[in-house]
Protein chains: 2
Amino acid sequence: MAQDKVTSIDVARLAGVSQSAVSRVFTPGASVSKRTAQKVREAAEALGYRPNILARSLITGRSRIIGLVVAYLENYFYPEALEKLSNALQAEGYHVLVFMASQTAGNIDDVLTEILDYQVDGIIMASVALSSDLSSRCQAAGVPVVLFNRHQDDDTLTAVISDNAGGARMLASFLVEAGHERIAHIAGWEGASTQRDRESGFRDGLAACGRALFAREVGNFEPETARQAARRMFDREDRPDAVFVANDHMAFFVMDVLRFELGLQVPDDVSVVGFDDVPPAAWPAYGLTTVRQRANRMVEETVKALLERIENPHADPKRIALDAPLIVRTSSRTPEGWGR
Amino acid sequence: MAQDKVTSIDVARLAGVSQSAVSRVFTPGASVSKRTAQKVREAAEALGYRPNILARSLITGRSRIIGLVVAYLENYFYPEALEKLSNALQAEGYHVLVFMASQTAGNIDDVLTEILDYQVDGIIMASVALSSDLSSRCQAAGVPVVLFNRHQDDDTLTAVISDNAGGARMLASFLVEAGHERIAHIAGWEGASTQRDRESGFRDGLAACGRALFAREVGNFEPETARQAARRMFDREDRPDAVFVANDHMAFFVMDVLRFELGLQVPDDVSVVGFDDVPPAAWPAYGLTTVRQRANRMVEETVKALLERIENPHADPKRIALDAPLIVRTSSRTPEGWGR
DNA sequence: TTGAAAGCGCTAACAG
DNA sequence: CTGTTAGCGCTTTCAA
């Protein structure tokens, strides 16, 4: 029998105090006597009263809602990030309102509009870039934005990323030291900053050893495209003996093509390395050598940066890059002296 | 320069109409003349005005927010469900506010309280059960609840599930027909209705063929517990020749123990079957025979049921069970005439 | 069709 | 410390 909503007035009446007294009891830094607080709490308890966050936010200007835009839950890096982000924000008294966006963007515009309609206190864009136009709309609305696992060329937005270039550079020297001669790359979606940074880091790493890329295909971060890329690259005589796939998600599909379609041995015929260190990378059926993105730290920094900017909207944007360690497993030949 | 928020009053002033006229223009079924609407829209556009959903909900009693409680994103069935749910609700003009809960419950109480604080229009509990106490709190608050992939014994809540028992029954006769003699089960968390239904369906299926369970261990839906269960079950002479693992998530870890720790061949030494059909089940390195939960249909039904109950809070709760087809892959011996 | 006015449930001055 | 009084930005009667 859906009871009518209990308001602070009902509580006030029952406790024999004013309505504002009730409000104060539920407002952290307010001044109330123990006696009043006690009475109010009892009345509230009895009536099952809880303050209406929406009404409160109308006046405080804070909704305690963070908009999270995400576009790629098939990549298992993101469910993990989402879970941790949500938990971390929950611990700070915020909650996450989810907005799914396809990465082809375009609809990012509409999504952003919807987000702003909800008067969110902040926005986290996971795996989505933002035009400078959109970014200034948020600015205008006074809503801080933090990019998660992406950055923009213009340094106008705060971004939390891994050291993608550095990680890929390690991967390159690791493969060279393992004695590989024909080292290839399967790229992700070229619009992504992660892709650009990883590829350029990898090329730099090879160059530092006096090498260059032996072959390159684009997998677009998608399973089927990655499989086709693998087929084009490996179904021929002069095939690579090592390949850096731009993320783990694609690397699994590439390995499957190599082993089950083309009958190649990994790592004997070809070493495969990825990037992200999502959970299946550690499953022995893949044992993927990869670079770990420290999800916990990324989340920590993202939440910290966002809350900072909520407190102080005029703080300068900054780019936070976390180190990303090499994780050696069985999908790659191991250089002398690296030892598992 | 975080501009001050634009309100309907600003728009009204610019358009030379009353504030309520502005409101009407943005309220679907309201009566406004074309001329007024036109003027208002132009002014709104010029000022970048959008109605404040929170203020609106204060008066309409509808927040267009759906609370989603989820507790298990490591099981890749849930990211997929979350994505689809969010998309489906977005299409209906709702958005998802995420609440992470550990499945050990207990904190479900607090989570529920937080949810209700946000004045959500409805709640979806994915993979989380609800005490009848909590359930009546939602009732009292007039907030409809739909359980996703769970049901309660008391038929007091609307629930959308797969036909877990039926699916498991098929699995049983499939294994028997394939000629297996010693058929075992690795259970998930026994508090889950999915576990109970799958196990009893499986036992029924065996019984119908005049068989009984050869062995049983508990994996609790957790990787490490599942691995230990697999070791206890298979690291011995009189081991099963087939095992039904209660979900795919655990089945991967079980297969890894069998193949990489114990040196058993799958399916030659032992057939492994799971439940859910999460994406990695189709990866050739596992090729897991399993029962498919139709995520799309489950989401469809969940959204439909929830919206129905938002419209009509007094509708009777119902339990919706969707059929779940057997998906045969390479992790199991195939009976004569089943053909892949 | 339109404007004026009354709130939705709450917080935040402001006196006392 | 407490009650009174204004609103937050919006929707919704109610008359005109």
Side-chain angles (χ1 to χ4, degrees), chain A residues 2-41 43-44 47-65 93 116-121 141-143, chain B residues 3-41 43-44 47-65 116-121 141-143:
Chain A
Q3 282 154 27
D4 270 332
K5 296 230 192 296
V6 183
T7 74
S8 55
I9 297 190
D10 303 323
V11 177
R13 193 149 30 212
L14 180 59
V17 298
S18 75
Q19 180 270 332
S20 28
V22 176
S23 170
R24 286 192 193 98
V25 172
F26 287 93
T27 304
S31 89
V32 234
S33 72
K34 278 213 175 83
R35 252 181 54 84
T36 311
Q38 172 73 2
K39 281 192 299 186
V40 168
R41 274 185 218 292
L47 266 40
Y49 168 80
R50 302 234 75 216
N52 179 331
I53 292 199
L54 270 34
R56 168 184 289 169
S57 64
L58 202 54
I59 221 164
T60 59
R62 298 224 170 296
S63 61
R64 318 238 29 129
I65 296 176
L116 294 176
D117 288 354
Y118 278 97
Q119 314 295 121
V120 297
D121 290 346
V143 180
Chain B
Q3 281 154 26
D4 270 332
K5 296 230 191 300
V6 184
T7 75
S8 55
I9 297 189
D10 303 324
V11 178
R13 192 150 30 210
L14 180 58
V17 297
S18 75
Q19 179 270 331
S20 21
V22 177
S23 171
R24 287 193 191 97
V25 173
F26 288 93
T27 304
S31 89
V32 237
S33 71
K34 279 214 174 82
R35 251 182 55 85
T36 311
Q38 172 73 3
K39 280 191 301 183
V40 168
R41 274 186 218 292
L47 266 41
Y49 168 80
R50 304 234 73 219
N52 178 331
I53 293 199
L54 270 31
R56 167 183 291 170
S57 63
L58 201 54
I59 227 167
T60 60
R62 299 225 171 296
S63 60
R64 319 242 21 132
I65 297 176
L116 294 176
D117 289 353
Y118 278 96
Q119 313 297 118
V120 298
D121 290 346
V143 180

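What's counted below: heavy atoms across the whole structure, side chains too, no hydrogens, waters or symmetry copies. Just so it is clear: chains get the letters A, B, ... in the order the sequence lines come, proteins before strands, and each one is counted from 1. Predicted, not measured: the structure shown is a model, and the values here were computed from it.
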With the threshold set at under 4.0 Å for non-hydrogen atoms, list the residues of residues 7-16 of chain B touching DNA chain D in residue-number order. Thr7(B), Ser8(B)

Check every nucleotide of DNA chain D for an atom under 4.0 Å from a heavy-atom of chain B, then give the first and the last such nucleotide from 5' to 3'. dG9(D) to dT13(D)

On DNA chain C, which is the earliest and which the latest nucleotide, 5' to 3', with an atom closer than 4.0 Å to a heavy atom of chain A? dG9(C) to dA13(C)

Residues which pass side chain to side chain contact (heavy atoms under 4.5 Å, CB included) with Arg41(B), listed by chain and number, not counting sequence neighbours: Val25(B)

Excluding sequence neighbours, so at least two apart, what forms side-chain hydrogen bond (donor to acceptor under 3.5 Å, both in side chains) with Asn52(A)? none

Through what angle, rounded to 10 degrees, does the axis of the helix from dT1(C)-dA16(D) to dG16(C)-dC1(D) turn between its ends, using five pairs per end? 40°

Provide the closest heavy-atom pair for Leu54(B) versus Leu54(A) in the form atom of the first, atom of the second, distance. CG-CG, 4.0 Å

Which residue pairs satisfy the salt bridge (charged side-chain N to carboxylate O under 4.0 Å, His left out) criterion with at least one member in residues 51-65 of chain A, sequence neighbours excluded? none

State which residues pass side-chain hydrogen bond (donor to acceptor under 3.5 Å, both in side chains) with Thr36(A); sequence neighbours excluded, sorted by chain then number. Ser33(A)

Contact summary for Ala44(B) and Val11(B), nearest pair of heavy atoms: N-CG1, 3.8 Å

Who are the side-chain hydrogen bond (donor to acceptor under 3.5 Å, both in side chains) partners of Gln119(A), not counting sequence neighbours? none

Checking all strands, does Thr36(B) fall into the base, sugar-phosphate, or nothing category for heavy-atom contacts under 4.0 angstrom? sugar-phosphate

How do Ile59(B) and Arg35(B) order along DNA chain C: which one's closest nucleotide is nearer the 5' end? Arg35(B)

If you look at every heavy atom in Ser63(A) and Ile53(A), which pair is closest and at what distance? O-CG2, 3.9 Å

side-chain hydrogen bond (donor to acceptor under 3.5 Å, both in side chains) filter on Arg50(B), not counting sequence neighbours, yields Asp117(A)

What parts of residues 18-29 of chain A reach DNA chain D, counting only heavy atoms under 4.0 Å away? Ser18(A), Ser20(A), Ala21(A), Arg24(A)

Just wondering, do Ile65(A) and Ile65(B) contact through their side chains at under 4.5 Å, heavy atoms? yes

Using atom types as modelled, flag every donor-acceptor pair under 3.5 Å from a side chain in residues 12-22 of chain A to any protein atom, sequence neighbours excluded.
unit_1, atom_1, unit_2, atom_2, d
Arg13(A), NH2, Asp10(A), OD1, 3.4
Ser18(A), OG, Ser20(A), N, 3.4
Ser18(A), OG, Ser20(A), OG, 3.2
Ser18(A), OG, Ala21(A), N, 3.2
Gln19(A), NE2, Ser8(A), OG, 3.0

Looking only at heavy atoms, what is the nearest atom pair of Lys5(A) and Ala141(B), with distance? NZ-O, 3.6 Å

All heavy atoms of Asp121(A) vs all of Gly61(A), minimum pair found to be OD1-O, 4.1 Å

Determine the minimum heavy-atom distance between Tyr118(B) and Gly93(A), stating which atoms define it. OH-O, 4.2 Å

Once you apply a heavy-atom cut-off of 4.0 Å, does Ser31(A) come out as touching a base, just sugar-phosphate, or nothing? base

